[in-house]
2 protein chains.
Amino acid sequence: MQMDERKRRILRAIIQDYIVTAEPIGSRTIARKFDLGISPATIRNEMSDLEVLGLIEQPHTSAGRIPSDAGYRYYVDCLMEGIELAKEEKAIIEQETAKRISEIQQVIAHTSKLLSQLTSLTSIVSGPLKEKNTFGQIHFLPYQPGEAIMVIVKENGVVENHIVDIGHEVSPEELQRLASILNEKMRGQSLKKVKKELLHEIYRELTRQRHLIDESQEMLAVILDSCEEKEQVYLGGALNMLNQPEFKDLSKIKKLFRFFEEDQSLKKLLQPAHEGLNITIGGENIFEEFHDCSVISATYRIDEDTLGAIGVLGPTRMNYSKAIAIVDFMTQSMSENLARGRKRY
Amino acid sequence: MQMDERKRRILRAIIQDYIVTAEPIGSRTIARKFDLGISPATIRNEMSDLEVLGLIEQPHTSAGRIPSDAGYRYYVDCLMEGIELAKEEKAIIEQETAKRISEIQQVIAHTSKLLSQLTSLTSIVSGPLKEKNTFGQIHFLPYQPGEAIMVIVKENGVVENHIVDIGHEVSPEELQRLASILNEKMRGQSLKKVKKELLHEIYRELTRQRHLIDESQEMLAVILDSCEEKEQVYLGGALNMLNQPEFKDLSKIKKLFRFFEEDQSLKKLLQPAHEGLNITIGGENIFEEFHDCSVISATYRIDEDTLGAIGVLGPTRMNYSKAIAIVDFMTQSMSENLARGRKRY
DNA sequence: TTTAGCACTCATCGAAGGAGAGTGCTAACA
DNA sequence: TGTTAGCACTCTCCTTCGATGAGTGCTAAA
């Protein structure tokens with residue numbers, strides 16, 4: 001059996017209706033709502049075919065049909081026409097992504113909030129991958145006696161500060177020397193390399209120059225910690241899930257939210273199958289919890305270098321064209337801005 | 001009518017049972033579960049009295065009784081005996097509060113996570129009030145050409161860094177001079193004062209020395225922003241609410257979570273009626289959303305100076321003695337640590 | 001090939017009724 | 001006079017049972 005134009009029209013009608021109503025739809029209702037020029041009986045026959053093809057299914061015998069995962073997949077791949085965002089929406093996104101904020105957490109938080117507001121879905125935003133990151137400079141600033149502020153600048157533009165205990169009073173000159181040792185060893189090196197190889201070397205160097213600093217443990221621990229790839233992931237608009245009729249029972253909500261609480265898992269949701277835009281529908285998702293959800297995600301990059309990803313999560317019955325348009329435009333806007341804005345993050 | 005010992009025993013039995021089961025309890029069940037040495041009929045008479053006193057109530061005629069807000073209040077004030085935390089719990093709390101972390105966000109996040117884990121309730125933790133804070137030092141570090149890293153150290157120990165655009169290349173000496181101007185004006189001044197008075201003065205000073213720096217707007221904007229009292233509030237274990245039988249209908253959950261999404265309102269939940277430990281039961285709460293919740297909160301301080309607050313939120317039917325013991329011990333432990341740990345935050 | 005007609009299925013809703021837990025009242029008891 | 005047993009009554013909860021209605025598949029006619 002083959003898909004023909006009439007089958008396609010009916011499938012599209014079913015999906016478009018279901019996206020709005022979340023109710024199974026029957027042949028009679030389709031004939032009434034959509035002007036297809038054929039009678040319910042004909043539609044019934046076609047629907048029977050569509051069911052054999054696996055594109056729609058019946059929750060139970062006497063209910064209407066709903067799209068299956070395969071149906072959505074067919075819709076997304078072959079039926080759906082892309083939409084253009086409204087000017088205002090574009091303007092808001094461009095405006096928001098153009099902001100230059102040095103605190104990476106804030107950028108992520110803002111982005112995810114905006115994304116969930118625009119789509120009415122749940123958004124997931126991941127920050128830059130640290131593994132591709134390298135050390136820039138390290139500075140020391142005086143603080144309380146016996147303590148110093150260590151400022152670590154990474155080459156993707158992230159700046160961190162840590163307060164470190166140095167055990168006894170040190171002169172600015174000593175701190176200066178310490179900084180130059182660290183900088184000499186670490187500048188331009190990847191976090192991974194520093195973690196795996198250079199830390200020992202630095203430790204040896206520092207113990208050799210024992211007069212320089214007594215207690216370097218804490219400082220090295222801070223550097224080590226800074227190398228860890230605890231990638232930031234941010235979730236926005238999780239509450240939107242509560243509004244979806246498919247999540248009206250508490251146990252589903254619990255499962256979902258429990259999942260959301262683990263950053264590590266969340267990150268995996270965003271892991272792209274390939275560069276660019278990814279669409280994961282229902283059962284395609286690796287996590288069983290999201291077998292009735294779909295994820296639209298995309299990566300943002302700077303000069304071909306993937307930095308992070310953003311995505312939206314909603315019921316399989318989401319408005320795909322809108323979600324895709326927004327995620328797509330947003331990553332583009334972010335990437336352009338990063339390219340323009342001088343390699344920040 | 002007066003409370004006598006027998007009434008007190010019965011009230012305590014009702015509350016203790018309800019805290020565990022969340023089910024109304026009847027005279028027969030009380031007689032069976034608790035060894036009070038009196039018959040169901042007698043208990044019935046006493047319960048009737050307790051109802052007249054407003055300490056318990058009936059959901060409907062043929063159900064058992066449940067404690068009223070006033071009943072809980074009486075329990076907390078007069079009946080409940082304080083408990084001692086287990087050694088392990090104390091150890092965990094002390095260990096966690098002893099950690100010295102320079103990122104204030106992390107401290108708050110950790111604390112709130114721990115608190116919700118220990119109590120199985122939802123926790124709210126607020127960071128130090130910025131209004132009581134004063135500027136310490138400001139440093140500039142070189143960054144990309146035309147940009148600099150501005151490190152702001154506040155006297156409560158918070159360190160912030162910001163990347164500022166300075167429009168054209170400046171030498172380290174120029175940055176040094178700039179820093180000394182800012183430090184001279186701002187060191188030791190409260191954020192409020194800087195915001196209200198000193199910023200203009202600094203601006204005037206900078207324009208007078210126009211050769212020093214061309215575009216100081218962004219820098220000043222950053223300082224202004226740093227003065228804003230956007231107090232951090234953190235919520236932990238909101239999911240625990242989902243496990244409470246009183247929140248099994250979705251509309252309540254929605255209301256609650258919608259409330260949680262607004263930091264501003266959340267902060268108000270913690271606002272203490274007085275110093276020390278605060279207990280707000282059910283309808284005593286200013287927010288209608290929390291009329292079937294109770295809040296146990298306490299402030300942590302350094303040298304008599306209140307810095308912030310922590311609290312737990314749960315159904316009115318919470319384990320008060322446990323929650324109180326934990327919140328109390330935790331604030332004490334935090335305060336002691338702050339005092340010992342050299343005025344960090 | 002399309003359509004009208006018809007018998008059939010099944011979820012949903014409301015009414016009816018039994019079970020169970022709990023109460024208040026009365027009268028007897030210590 | 002306080003305590004207790006007995007009993008009628010109340011009200012929620014659960015189950016059962018039709019009625020309703022939306023939807024289907026099949027058959028036969030157009």
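From a predicted model like this one, the values you see are computed outputs, not experimental measurements. Hydrogens, waters and symmetry mates are skipped; everything else that's a heavy atom, side chains included, is used.
Residue A:S62 places none of its side-chain N or O atoms closer than 4.0 Å to OP1 or OP2 of C:dT9. For the pair B:T42 and D:dG2, the criterion of a side-chain N or O lying under 4.0 Å from OP1 or OP2 is not met. Between D:dC11 and B:T61, a contact under 4.0 Å exists linking OP1 or OP2 to a side-chain N or O. For B:R6, no side-chain nitrogen or oxygen approaches OP1 or OP2 of D:dG2 to under 4.0 Å. Residue A:R65 places no side-chain N or O under 4.0 Å from the OP1 or OP2 atom of D:dA22.
In this pair, B:Y320 and B:Y72 present their aromatic rings tilted. The plane angle is within the 30 to 60° band.
Residue B:S48 has its side chain nearest to C:dG24 when only C:dG24, C:dT2, C:dT3 are considered. Taking the side chain of A:R44 as heavy atoms from C-beta on, and the options C:dT9, C:dT3, D:dC26, the nearest nucleotide is D:dC26. Picking from D:dT4, C:dT3, C:dG22 the nucleotide with the shortest atom distance to the side chain of B:T29 gives C:dG22. For A:E51, counting side-chain heavy atoms from C-beta on, the closest listed nucleotide (D:dG25, D:dT24, D:dT4) is D:dG25. The side chain of A:H60 sits closest to C:dA11 out of C:dG24, C:dA11, D:dT4.
With respect to B:E261 and B:R258, no salt bridge is recorded, no charged nitrogen being found less than 4.0 Å from a carboxylate O.
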For this session: Walk me through it: do B:I14 and B:M47 pass the test side chain to side chain contact (heavy atoms under 4.5 Å, CB included)?
Result: CA-CA 10 Å; B:I14 294 173; B:M47 282 169 95; 4.1 Å; yes
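A:Y18 and A:R65 share no donor-acceptor pair across their side chains, judged by distance under 3.5 Å alone.
Looking at heavy-atom distances under 4.0 Å, B:A41 makes contact with a base.
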